[in-house]
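Whatever order the structure lists ligands and atoms in, that order sets their numbers, starting from 1.
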Amino acid sequence: MALMAHGGSSADAWAELAACGHEESHLVKPLRKAVLPVAGLGTRFLPATKAMPKEMLPVVDKPLIQYAVDEARAAGIEQFCMVTGRGKTALIDHFDIAFELEATLAERGKREALELLREEAMPPGSITTVRQQVPLGLGHAIWCARAFIGDDPFAILLPDDLVLSETPCLKQLADVYRDTGGNVVAVTEVPHEQTNKYGILRIGEAAGNRVEVKGLVEKPAPKDAPSNLSIIGRYVLLPEVIGFLSQMERGAGNEVQLTDAMAKMIGFAPFHGLKFEGRRFDCGDKIGFLEAQVAFALARPDLGPAVRAFLKNYTDL
Ligand code: UTP
């Protein structure tokens with residue numbers, strides 16, 4: 001299935017999507033690329049994020065960006081593109097080899113720490129960065145990665161969404177993509193009164209934990225929300241979305257919304273929401289971030305018992 005990604009008109013994209021049809025899904029292109037948008041301002045975490053990117057905030061002992069990259073690699077992703085902005089160099093440095101640090105650790109016999117760094121090292125040339133000079137919205141951030149995406153399907157991981165699960169969340173999505181050859185987004189139920197904070201699905205047929213996506217609305221008021229199923233920060237998308245993003249239409253919050261561009265692909269390629277197995281933590285929000293610290297620490301054999309013991313001191317508050 002050789003599909004146009006961008007460069008042609010959106011009418012071309014429609015026609016090619018319509019032509020690809022479900023019956024050609026045996027020609028599904030492998031999923032090897034991921035885009036990590038990290039150019040947001042992180043205003044909800046000021047002052048912590050004044051000089052440090054939000055995505056470098058650690059949950060227990062690992063920065064959010066590292067969780068996202070580890071999850072993507074577990075799903076077979078080999079090529080990464082970080083969409084960065086001003087003040088984000090720590091994110092790029094994080095994936096470099098720290099020669100002096102490694103030499104010092106080796107000299108001092110700190111083998112465990114050294115092994116930890118080496119295990120996480122990225123293959124040379126596997127990470128590229130592009131710049132989003134002005135944070136005009138998630139859709140605009142993805143459009144900035146258009147040359148990296150080319151004609152290939154790609155994953156998007158928002159590092160401030162963290163998922164604690166048996167099977168890595170993106171792997172669950174990649175399995176559905178392999179089966180359908182279409183767009184797949186991870187979805188979860190949110191309280192009805194909070195639909196105005198999320199991208200919300202209008203759903204069609206459901207089969208097990210998969211739901212057909214019939215419509216998408218960004219941040220609808222609860223009275224207008226077609227369901228309480230919300231998209232979380234994990235996507236597998238066909239490259240045609242770039243053609244729709246190129247229109248640069250402004251949506252909710254006057255931002256270029258990814259949800260709006262995705263909505264334009266509905267009906268022309270398979271589009272599913274996956275009620276993934278696992279728990280999602282919105283680490284862009286203080287309460288979600290604090291809950292993630294506790295949940296991830298409790299799940300760790302080396303820390304769980306001690307954390308469980310000290311939490312008892314706070315349960316009567
Ligand atoms: P958020 O909506 O959480 O925005 O972005 P934010 O700026 O990071 O945080 P707040 O709301 O000011 O506290 C979701 C994801 O999209 C990226 C962010 O970096 C984050 O990973 N993003 C958002 C961009 O890369 N560019 C944008 O223009 C907007």
Side-chain angles (χ1 to χ4, degrees), residues 34-59 63-72 80-92 94-95 127-146 148-149 154-163 169-170 185-186 188 190 194-200 216-220 230-235 237 241-242 245-246 248-262 280-292:
V35 178
L36 303 162
V38 291
L41 299 176
T43 52
R44 285 170 290 166
F45 266 98
L46 284 169
T49 49
K50 191 177 164 199
M52 182 184 73
K54 171 172 75 172
E55 299 79 7
M56 282 303 292
L57 290 173
V59 168
L64 291 171
I65 190 75
Q66 183 77 57
Y67 283 99
V69 166
D70 290 351
E71 181 184 325
F80 293 84
C81 178
M82 275 199 265
V83 183
T84 68
R86 283 175 66 77
K88 300 283 182 171
T89 34
L91 287 164
I92 301 161
H94 180 73
F95 292 100
I127 300 192
T128 182
T129 60
V130 296
R131 202 83 168 173
Q132 185 194 27
Q133 290 91 340
V134 186
L136 296 178
L138 178 58
H140 182 262
I142 301 304
W143 177 81
C144 288
R146 62 198 179 281
F148 167 81
I149 294 165
F154 64 104
I156 302 173
L157 299 99
L158 306 189
D160 48 7
D161 260 340
L162 206 50
V163 182
C169 184
L170 188 66
V185 290
T188 192
V190 294
Q194 289 181 18
T195 55
N196 57 349
K197 288 167 52 182
Y198 304 100
I200 299 290
L216 290 168
V217 200
E218 185 63 32
K219 302 188 173 66
S230 145
I231 304 176
I232 71 148
R234 299 290 182 277
Y235 313 69
L237 297 181
V241 74
I242 298 297
L245 286 171
S246 303
M248 291 295 146
E249 274 173 28
R250 300 294 181 110
N254 199 31
E255 293 190 343
V256 180
Q257 295 288 355
L258 178 62
T259 308
D260 297 342
M262 291 192 305
R280 172 262 193 151
F281 301 90
D282 178 2
C283 292
D285 170 83
K286 291 183 191 72
I287 294 295
F289 180 69
L290 292 170
E291 200 181 342

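Considering CZ of R280 and CG of D161, their distance stands at 4.0 Å, rounded to 0.5 Å.
Annotation: salt bridge (charged side-chain N to carboxylate O under 4.0 Å, His left out) contacts involving residues 283-292, sequence neighbours excluded, comprise R279-E291. Residue pairs that meet the side-chain hydrogen bond (donor to acceptor under 3.5 Å, both in side chains) test with at least one member in residues 250-262, sequence neighbours left out, are E218-T259.
Residues meeting the ring-ring contact (aromatic ring centres under 6.0 Å, His included) test with F154, sequence neighbours left out: none.
For F95 and F80, the distance between ring centers is not under 6.0 angstrom.
Protein residues lining ligand 1, listed by chain and number: P37, V38, A39, G40, L41, G42, T43, R44, K54, E55, Q132, P135, L136, G137, L138, A141, P159, D160 [non-hydrogen atoms, distance under 4.0 Å].
If you run side chain to side chain contact (heavy atoms under 4.5 Å, CB included) between V38 and each of T84, D160, L64, V83, only T84 comes through.
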